[in-house]
**Student:** 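Pasting a structure here, questions to come.
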Amino acid sequence: MTEIIIALSKGRIFEETLPLLAAAGIVPDEQPETSRKLIIGSNRPGVRLVIARASDVPTYVQYGAADLGVAGKDVLIEHGGVGLYQPLDLNIARCRMMVAAPEDFDYASAVRQGARLKVATKYIRTAREHFAAKGVYVNLIKLYGSMELAPLAGLSDAIVDLVSSGATLKANGLLAVEQIMEISCRLIVNQAALKLKRDALQPIIDAFQGAVEAQKC
Ligand code: ATP
Ligand code: MG
């Protein structure tokens, strides 16, 4: 029997991937939120889920510790995508990568005047490419979370972060001033596994694709 390992992260990615797994006939034995287990079995013998930090999922798949995974485009850009095949936009965990700044900061005129901006973010690569393409000079400051705090505490002029409703920004006196890109999750596949275990993996990929297309209608 071919063993298949699928890498997911807890929270919204796990929740939103459940219906896609179900479409492939895969039902996890446990919920990661309640079980605390990091490796979860399923109803399908040989199919197991590993629960990793969202930003670590591409690494597990890249090195073949997992055959398949689900990761946000935000995470994939920072990772670089080496060794990964990305056959499918799953259209889940949708949000936007935005530049945000304090309500009283005139971002547009700072950019126009060619000011060097201090920008705090977890997404260094995405931010570097965005501002380079615009010809805006920035000092990027790497953070690991709670980006909204940075301008409030005087660490930066602006932030680059994911935004869905904008409620967290608003609660902290910040405003989205520029969209960088739309974000959603991709199915990622280890390139070597796709060749070696194609018979086992392709039906899962096809079932995910069918479920994603059915969602659009
Ligand atoms: P951690 O919470 O462990 O620091 P994380 O913030 O990357 O990691 P999640 O919050 O579960 O983990 O986010 C996982 C993925 O979901 C992100 O990589 C992104 O693609 C997407 N995402 C993040 N925030 C939102 C949001 N507000 N709305 C919709 N999707 C989001
Ligand atoms: Mg989070």
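As the structure lists them, so they are numbered: ligands from 1, and atoms in each ligand from 1.
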**Student:** Which is closest to atom 12 (O) of ligand 1 by heavy-atom distance: A167, A54, S9, G11?
**Tutor:** A54

**Student:** For R94, counting its heavy atoms only, list the atoms of ligand 1 lying under 4.0 Å from any of them.
**Tutor:** 28 (N), 29 (C), 30 (N)

**Student:** At a 4.0 Å cut-off, with the gap strictly under it, does some heavy atom of K73 reach an atom of ligand 1?
**Tutor:** no

**Student:** Please answer whether the main-chain N or O of V61 pairs with a side-chain N or O of N190 as donor and acceptor at a distance below 3.5 Å.
**Tutor:** yes

**Student:** N/O to N/O below 3.5 Å, does that happen between R53 and ligand 1?
**Tutor:** yes

**Student:** Would you mind checking if D89 and R186 are paired as a salt bridge, meaning a charged N to carboxylate O distance below 4.0 Å?
**Tutor:** yes

**Student:** Is the NZ atom of K10 crowded by more than 12 outside heavy atoms at less than 6.0 Å?
**Tutor:** no

**Student:** Output the list of atoms in ligand 1 that are nearer than 4.0 Å to some heavy atom of C95, sorted by atom number.
**Tutor:** 22 (N), 25 (C), 28 (N), 29 (C), 30 (N), 31 (C)

**Student:** Looking only at heavy atoms, which two atoms of D67 and I4 are closest? And how far apart?
**Tutor:** OD2-CA, 3.3 Å

**Student:** Is the shortest side-chain heavy-atom distance between L117 and N139 below 4.5 Å?
**Tutor:** no

**Student:** Under 4.0 Å from ligand 1, counting heavy atoms only, is it the side chain of M97, its backbone, both or neither?
**Tutor:** neither

**Student:** For ligand 1, does I13 get within less than 4.0 Å through its side chain, its backbone, both, or neither, judged by non-hydrogen atoms?
**Tutor:** side chain

**Student:** State the atoms of ligand 1, each with its element, that fall below the 4.0 Å cut-off from a heavy-atom position in V75.
**Tutor:** 18 (O)

**Student:** Quick one: does any side-chain atom of R48 pair with a main-chain N or O of E3 as donor and acceptor, under 3.5 Å?
**Tutor:** no

**Student:** Enumerate the atoms of ligand 1 whose separation from the nearest heavy atom of G72 is less than 4.0 angstrom.
**Tutor:** 20 (O)

**Student:** Check each atom of ligand 1 against the heavy atoms of I183 and keep those under 4.0 Å away; list them by number with element.
**Tutor:** 20 (O)

**Student:** Using a distance-only test with no angle check, is there a side-chain donor-acceptor pair under 3.5 angstrom linking Y107 and E178?
**Tutor:** yes

**Student:** Could you list which atoms of ligand 1 come closer than 4.0 Å to a heavy atom of L162?
**Tutor:** 19 (C), 22 (N), 23 (C), 24 (N)

**Student:** Measure the shortest side-chain to side-chain distance between S42 and L49 over non-hydrogen atoms and say whether it is less than 4.5 angstrom.
**Tutor:** no

**Student:** Can you tell which of A93, A71, S164, S165 gets a heavy atom nearest to atom 30 (N) of ligand 1?
**Tutor:** A93

